[in-house]
Participant: 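Quick one: the structure is below, questions incoming.
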Number of protein chains: 2
Amino acid sequence: MVRKSTEIRQEEIKKAVLDIIYRSGLKKLSTKNIAKEVGISEGSIFRHFGTKKDIIMSIMDDVIKDFIEPLREISLQNEHPEKRLYKHLCKTITYLKENKGITLLMFSEASYENDVDMKEKLTHIFQSQRQLVGKIVSDGIAMQLWDESVSTDSFSHLYMGIPITLNVEIALKGEDVDIKSFCKHNMDMLLKILSK
Amino acid sequence: MVRKSTEIRQEEIKKAVLDIIYRSGLKKLSTKNIAKEVGISEGSIFRHFGTKKDIIMSIMDDVIKDFIEPLREISLQNEHPEKRLYKHLCKTITYLKENKGITLLMFSEASYENDVDMKEKLTHIFQSQRQLVGKIVSDGIAMQLWDESVSTDSFSHLYMGIPITLNVEIALKGEDVDIKSFCKHNMDMLLKILSK
DNA sequence: TATCTTTGTAAGTGATTACTCACTTTAAGA
DNA sequence: TCTTAAAGTGAGTAATCACTTACAAAGATA
C-alpha cells in the first residue's frame, strides 16, 4: 500500500479526470473509473475531495490560474495592441491544444449538470477571456491604430468563436492544428476587420 | 387512456426531449422524465423508439431536414454572393434562436456519450454548414468580388464561430439576441475580411 | 517503542439508469 | 359484432451512480 499526501493525490485525481474525459467522454467519468485510473480505491477519492463536483470546480480554478491570469498579463501589458492581440490569440490556441480535455470537460459538464456554481465559474472564465480581448481592441482604437466604428463587443464575440470552433473540431474529429499557421491566418482576418 | 399514433407520439417525445434539455439540462433527460413530460408511461417510450439513442438520432435528422437543407438551397442559389452570405447567416442565427435546445442537445449528448454514430451525424451537420459558407465565398472570389488571398477554410472556420459562440452564451446565460442587429454587425465584419 | 493522525480499503448504502415483459385497452376493418 | 393489430401500462430487471462507514495500515512525532 503506497501512501501519498492529499496534495499529490488531488493532482493525480484531476489529471485522471482530464484523461478519462478526453479518451472516453463524460459518461465514463465516474468516481469508480477515476479511482481505477489513479490506482486507488473509490473510497479514497472522497478522502481527497468532498464531492465529485469539488474535483471539477478545482480544475476550473486551475484554468483561471494557469490560463486566464497569464492572459490578463498579456492584455494589460504596455505593448503595441497588435502584438498583444497576437499573443492573446496564440496563448489561447496553445492552451487549448495542450489541454484538450479541459474545455470539453467544462462545457459539457456545466451543460450536463446544469449546476449554478459550475455555470457561474465557467461564465467568469468565458467573460474574462472576452473582456481582455475587448481591452486590447479599445486600446488600439484609442491609439487611433484601428477603425473606431468597430464594436468591441461584436469583435470579441467573433474572436471567441475561434477557440470555441477549434474546440468543437477537436472534440468531434480529434483534429490537431498547426499553431503557428492557424494563428497567422486568423490574425490576418482579425486585422482586416480592425483596419481603418 | 388516450391513444395516439406512433407518428404523433414520436413528435411529442422529441418535443419533450428538447423542452427538458433546455429547461433542466442533460442530466434530467431520463426516459422516465421524458415519459412524464409527454404524459405516458415509461414503457410507452419504447413502443415508439427502440432506444433512447434513436430519439436523439431522429432529432438530428430533423436538423438536417429543417436547417441544413434550406441552408443548402440558399447557398446554391444563383444570387449575388453577398446576399447569399447574409441569408446564410440570418437563417443560422434564426434557427438557433428558435431551437435553443437542439444545439445544446447535440453537442453535449455527443460529447457525453462519445458515441460514434452520433458524432458522425453531428460532424456531417457541422461540416455541411461550413462547406456551404465556403461555397459562397469561393463563388464571390471567382466573380472577383472578394479578396482572393482569403482562405475559404480559415474564413469558414471563423464564420462557424459566430453561431457556436452565440450558442454558448445562450447556454450559459440564457441570453437572447436581436437577430437583425446581430446579423448586421457580424455581416459588416465578415465583409471587411472579404473586401479587397 | 508507543501514540496518533493521515491515508487506505472493502463492502456496503439508497437512488437512478435504460430497458423488458406479461398483460390490458383501444379502435379500426372484416 | 367479432377479430386483430397497435398503443398503453405497471412492475419488474441488472447495472451503475455518488457517496458512506467501519476498520486497517502506514508514517511521523513523542
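The sequence lines fix the lettering, A, B, ..., with proteins before strands; numbering per chain opens at 1. Predicted model only: the values in this text are computed from it and were never measured.
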Participant: Kindly say if A:Thr6 contacts the phosphate of C:dT7, meaning a side-chain N or O under 4.0 Å from OP1 or OP2.
Facilitator: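 For C:dT7, OP1 or OP2 has a side-chain N or O of A:Thr6 closer than 4.0 Å.
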Participant: Given that B:Thr51 and A:Glu42 both sit by DNA chain C, which one's nearest nucleotide is further toward the 5' end?
Facilitator: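 Going by which nucleotide is closer to the 5' end, it is A:Glu42.
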Participant: Is there a side-chain contact between B:Ser41 and the phosphate of D:dG10, meaning an N or O under 4.0 Å from OP1 or OP2?
Facilitator: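 So the side-chain polar atoms of B:Ser41 never come under 4.0 Å of the phosphate oxygens OP1 or OP2 of D:dG10.
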Participant: Hey, what do you get for OG (A:Ser41) to CZ (A:Phe46), rounding to the nearest 0.5 Å?
Facilitator: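 Atom-to-atom, A:Ser41:OG and A:Phe46:CZ are 10.5 Å apart.
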Participant: Check this one for me: any side-chain N or O of B:Ser44 less than 4.0 Å away from OP1 or OP2 of D:dA7?
Facilitator: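 For D:dA7, neither OP1 nor OP2 has a side-chain N or O of B:Ser44 closer than 4.0 Å.
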Participant: Please work out if A:Ile40 contacts a base, only the sugar-phosphate, or nothing of the nucleic acid, heavy-atom cut-off 4.0 Å.
Facilitator: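 If one applies the 4.0 Å heavy-atom cut-off, A:Ile40 turns out to touch the sugar-phosphate alone, with no base involved.
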Participant: Given B:Thr92 and B:Phe67, is the side-chain contact (heavy atoms from CB on, under 4.5 Å) satisfied, shown in steps?
Facilitator: CA-CA 8 Å; B:Thr92 301; B:Phe67 176 51; 3.9 Å; yes
Participant: For A:Glu7 and A:Lys27, take the nucleotide of DNA chain C holding the closest heavy atom to each; which residue's nucleotide lies nearer the 5' end?
Facilitator: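 Whichever sits nearer the 5' end wins; that is A:Glu7.
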Participant: Roughly how far, to the nearest 0.5 Å, is NZ of B:Lys83 from CD of B:Gln77?
Facilitator: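 Atom-to-atom, B:Gln77:CD and B:Lys83:NZ are 10.0 Å apart.
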Participant: Between C1' on C:dT9 and NE2 on A:His48, what's the gap in Å once rounded to a whole number?
Facilitator: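 Roughly 12 Å, once rounded to whole Å.
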Participant: Could you give the distance from NZ (A:Lys173) to CZ (B:Phe126), rounded to the nearest 0.5 Å?
Facilitator: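 A:Lys173 atom NZ to B:Phe126 atom CZ measures 7.0 Å (nearest 0.5 Å).
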Participant: In whole angstroms, how far is the P atom of D:dT16 from the OH atom of B:Tyr112?
Facilitator: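 About 13 Å, once rounded to whole Å.
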Participant: Check this one for me: any side-chain N or O of B:Arg9 less than 4.0 Å away from OP1 or OP2 of D:dG8?
Facilitator: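 So the side chain of B:Arg9 is within the cut-off, an N or O lying under 4.0 Å from OP1 or OP2 of D:dG8.
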Participant: Looking at CD of A:Gln127 and OG of A:Ser156, how far apart are the two atoms once the value is rounded to the nearest 0.5 Å?
Facilitator: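 So the gap between those two atoms works out to 8.5 Å.
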Participant: Using whole Å, what does the distance between atom P of nucleotide D:dA18 and atom NZ of A:Lys36 come to?
Facilitator: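 After rounding, the reported distance stands at 14 Å.
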Participant: If you go through the side-chain atoms of B:Arg3, does one of them form a donor-acceptor pair with the base of D:dA6 closer than 3.5 Å?
Facilitator: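 Indeed, a donor on one side and an acceptor on the other fall under 3.5 Å apart.
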Participant: Using atom CZ of A:Arg47 as one end and atom C1' of D:dA25 as the other, report the distance to the nearest whole Å.
Facilitator: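 Rounding to the nearest Å, CZ of A:Arg47 and C1' of D:dA25 are 12 Å apart.
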Participant: What is the distance, rounded to the nearest whole Å, between atom CD1 of A:Ile45 and atom C1' of D:dT20?
Facilitator: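 In whole Å, D:dT20 C1' lies 15 Å from A:Ile45 CD1.
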Participant: Tell me: NZ of B:Lys52 to P of C:dT17, nearest whole Å?
Facilitator: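 These atoms are roughly 8 Å apart.
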Participant: What is the nucleic acid contact for A:Ser30, judged by heavy atoms within less than 4.0 Å: base, sugar-phosphate only, or nothing?
Facilitator: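 Counting heavy atoms under 4.0 Å across all strands, the contact made by A:Ser30 is with sugar-phosphate only.
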Participant: Check the distance between C:dC19's P and B:Ile55's CD1 and give it to me in whole angstrom.
Facilitator: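 Computing the B:Ile55:CD1 to C:dC19:P distance gives 8 Å.
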Participant: Nearest whole angstrom, please: distance from the P of C:dT13 to the CZ of A:Phe46.
Facilitator: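 Atom CZ in A:Phe46 sits about 17 Å away from atom P in C:dT13.
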Participant: Regarding B:Ile34, tell me which of base, sugar-phosphate or nothing describes its non-hydrogen contacts under 4.0 Å with the strands shown.
Facilitator: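 Answer is nothing: B:Ile34 stays at 4.0 Å or more from every strand.
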